[in-house]
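Worksheet: the structure to be examined is printed underneath.
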Amino acid sequence: MGRLGPTEIILILVVIILLFGAKKLPDMARSLGKSARILKSEAKAMKEENKSSAPADPPASGEESPAQRTIQAAPGDVTSSRPVAEPTDTTKR
């Protein structure tokens with residue numbers, strides 16, 4: 001009962017094409033791939049950050065420079081990577 005045969009798969013694909021249109025499917029797949037790459041790179045960066053940012057002593061000075069990261073552009077993306085300053089205080093408007 002839980003098995004899908006080739007006719008059911010073809011029927012599902014036809015319904016998906018009819019619902020979303022053949023023109024939008026490549027764009028949807030492309031954006032899904034970009035999102036997956038960004039999620040993967042962010043997860044990797046968080047793991048590396050946790051490994052390297054385990055200081056034995058907290059910093060003594062009250063002033064810390066804001067952490068600066070570089071967001072990498074996805075392969076084939078027209079935008080370039082650029083440094084981004086993390087906001088430190090969200091109450092200022």
Which value, rounded to the nearest 0.5 Å, describes the distance between K51 atom NZ and K47 atom NZ?
7.5 Å
For residues 12-27, pull every pair meeting salt bridge (Lys or Arg N to Asp or Glu O under 4.0 Å), keeping only residues two or more places apart or in separate chains.
D27-R30
Any residue meeting side-chain contact (heavy atoms from CB on, under 4.5 Å) with I16, in chain and number order, not counting sequence neighbours:
I12, F20, L25
With sequence neighbours excluded, residues passing side-chain contact (heavy atoms from CB on, under 4.5 Å) with I9:
L4, L13
Would the distance check show the side chain of E8 and the main-chain N or O of G5 forming a donor-acceptor pair, the cut-off being under 3.5 Å?
yes
Would you compute the distance between atom CG of L39 and atom CZ of R37 and round it to the nearest 0.5 angstrom?
12.0 Å
Applying side-chain contact (heavy atoms from CB on, under 4.5 Å), can you list everything that pairs with V14, at least two apart in sequence or on another chain?
I10, L18
When clusters are formed from ILVMFWY side-chain contacts under 4.5 Å, directly or step by step, what else is grouped with L32?
none
